[in-house]
Structures are given as C-alpha cells and as structure tokens.
Amino acid sequence: MIARPATPAARIAVALDTPDPARAAAWAQALAGHVGVAKVGLELFAAAGPDAVAAVRECGLPVFLDLKLHDIPNTVAGAVRSAARLGVAMLTVHAAGGAAMVAAAREAAERAGADRPMILAVTVLTSLSAADLAAIGVEDAPASQVLRLARLAMASGADGIVCSPLEVVPLRAALGNAVPLIVPGIRPAGSRADDQARVMTPAEAVAAGADWLVIGRPITEAADPVATAEAIARSLGA
Ligand code: C5P
C-alpha cells in the first residue's frame, strides 16, 4: 500500500479533471517528480475508462481512482477487484454505503496483495449544506455526520478518510494521528476559489493535519503547471 507522504511534493495529489486521456497523460508526465499522486476522477474515467488509467500510469506516479463507489456490498467488492487489477494505489467509496459495504471493499482490496489499493472513505460531500442534509433526512449538523461516517468507515476497514479542510482538525482530534486524511478544497493564496466554497491554502491544510492535498484546477489551469506545483511544495516547507 502507498506510504504516507514523506516530502512536501509527495503530499500533492493532482486532479486530472478532463475527458481527454491524452491531455491527462501529458499533465501527469509533466508533473511526475513534482507531485506525489495522479488522480483520475469520474469525468476522465467515464470518458476513457481503464485506458485512461493505463495512460496516466505510464508517468510512474501512483494513481488515485476517485470513483466514489456506493452500491450493494457484492457490487462494490466486484468494482474494487476490477479497479485493483488496473494497478491503482487509492480508491474511494462512500462511507454512507454502510459498514458492510466498506468492509466488502476492504476485503476485495486485500485480495490484491501487498500492492493493494488504499480504500478511502468519502463522508459528506463538500457540496452539501446543512439544509441539503436535512432534505435527505439527516437532521444532524454536517460536522457530526462527517464524524459519525468517518468512525463507521474506519471501524469497517477503511484505510483513510477524504474530508474538507474544515474537518481536518476535528477528525484528527477524534481519530488520532494514525488515520490518513486526504483533503480537497485546497487553494494556494491568491488563486480563484472556482466552485469550492470552503477552502484552505496548502500550508494551512497541512498545519491542520492533512496528509495528501487534492489540487486540480490551480495546477492544471495554471500557465505553468510545473512551476505552480513546485511553488505549492515550497510553501509546505522542507
Ligand atoms: O480543481 P479542484 O482543485 O477544485 O479539484 C478538486 C478535486 O477534488 C476534484 O477532482 C473533485 O472531484 C475532488 N473532490 C472535491 N471534493 C470532495 C471530494 C473530491 O473537490 N469532497
């Protein structure tokens, strides 16, 4: 399984959000050596599937396949087995799929042996407000629901948690230092927020206790993606 990042650059998981596998592979190729992980999300996977993963893997970076799986345990286990065969290092499932589903994902991942993908649990989507949660029957505050789902996921075999920057401190306090935290919603000082509402700078998120930082558009849409990734790594210190 992929080790927790040991250098500033290794903390950066660049989100290759494009439907074009050649573009994604070119980004990954350019950024290898300057970031730690290449993230393939739903846009790229729906467009180009396993071929896109293979193209991105050629750059040598570990691949994070962000499919946010959420289905019955048997189906999720099958999807994890298929994803593991693609040689990905990280894979996401929704904690809201329940304890049996997360456990099935972990068990299926284990079958891939020592190089198995890390199973990361997504708690509450950062796009959901308290009102959105109430509308789907979750009356608790978003922070309580995040903590409930993170505990459930870790108790069911998840290897780490995906959370917003604002949840890093409470999750670290509740779960301790052993739990890897992967954090999107990162914006270097001075860059556009885009559609991310609750953001932190890379240095703030690491100071709060984040392990990996998921960063997409601030790097991929920069005039010089490599220089931008290097500047972000520098901002994280030695
Ligand atoms: O371009 P940007 O830096 O906003 O990209 C963030 C990436 O992190 C996207 O690929 C998005 O799907 C992902 N993500 C997120 N919020 C979550 C989970 C994943 O923004 N809660």
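All ligand and atom numbering here is 1-based and tracks the order in the structure.
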Polar side-chain atom of [X] near backbone of [Y] as donor-acceptor pair, under 3.5 Å:
| X | Y | result |
| --- | --- | --- |
| Glu58 | Ala55 | no |
| Asp159 | Leu120 | no |
| Thr123 | Val146 | no |
| Arg4 | Ala178 | yes |
| Arg11 | Ala210 | yes |

### Task
Using a strict 4.0 Å cut-off to heavy atoms of Arg217, name the atoms of ligand 1 that fall inside it.
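Near Arg217, meaning under 4.0 Å from one of its heavy atoms, ligand 1 has 1 (O), 2 (P), 3 (O), 4 (O).
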### Which of the ligand 1 atoms, numbered from 1, are nearer than 4.0 Å to a heavy atom of Ala15
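So the atoms of ligand 1 that pass are 7 (C), 10 (O).
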What is the closest protein heavy atom to [atom], and at what distance does it sit?
| atom | answer |
| --- | --- |
| atom 6 (C) of ligand 1 | Gln196 NE2, 3.7 Å |
| atom 10 (O) of ligand 1 | Asp17 OD2, 2.7 Å |
| atom 21 (N) of ligand 1 | Thr126 OG1, 3.2 Å |
| atom 19 (C) of ligand 1 | Lys68 NZ, 3.5 Å |
| atom 8 (O) of ligand 1 | Val214 CG1, 3.4 Å |

### Task
Closest by any non-hydrogen atom to atom 18 (C) of ligand 1: pick that one out of Gly216, Pro184, Pro218.
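Of the listed residues, Pro184 has the closest heavy atom.
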### Message
If you take the nearest heavy atom of each of Arg187, Glu167, Lys39, which one is closest to atom 4 (O) of ligand 1?
### Response
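Closest candidate by heavy-atom distance is Arg187.
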#### Entry: Residues Arg23, Asp17: salt bridge by 4.0 Å N-O rule
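The answer is no: the pair does not qualify as a salt bridge.
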### Message
Heavy-atom count check: over 12 atoms from other residues, nucleotides or ligands less than 6.0 Å from Asp115 CG?
### Response
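Not more than 12 within 6.0 Å, no.
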#### Entry: Min heavy-atom dist Ile215 to ligand 1 below 4.0 Å
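Right, Ile215 reaches ligand 1.
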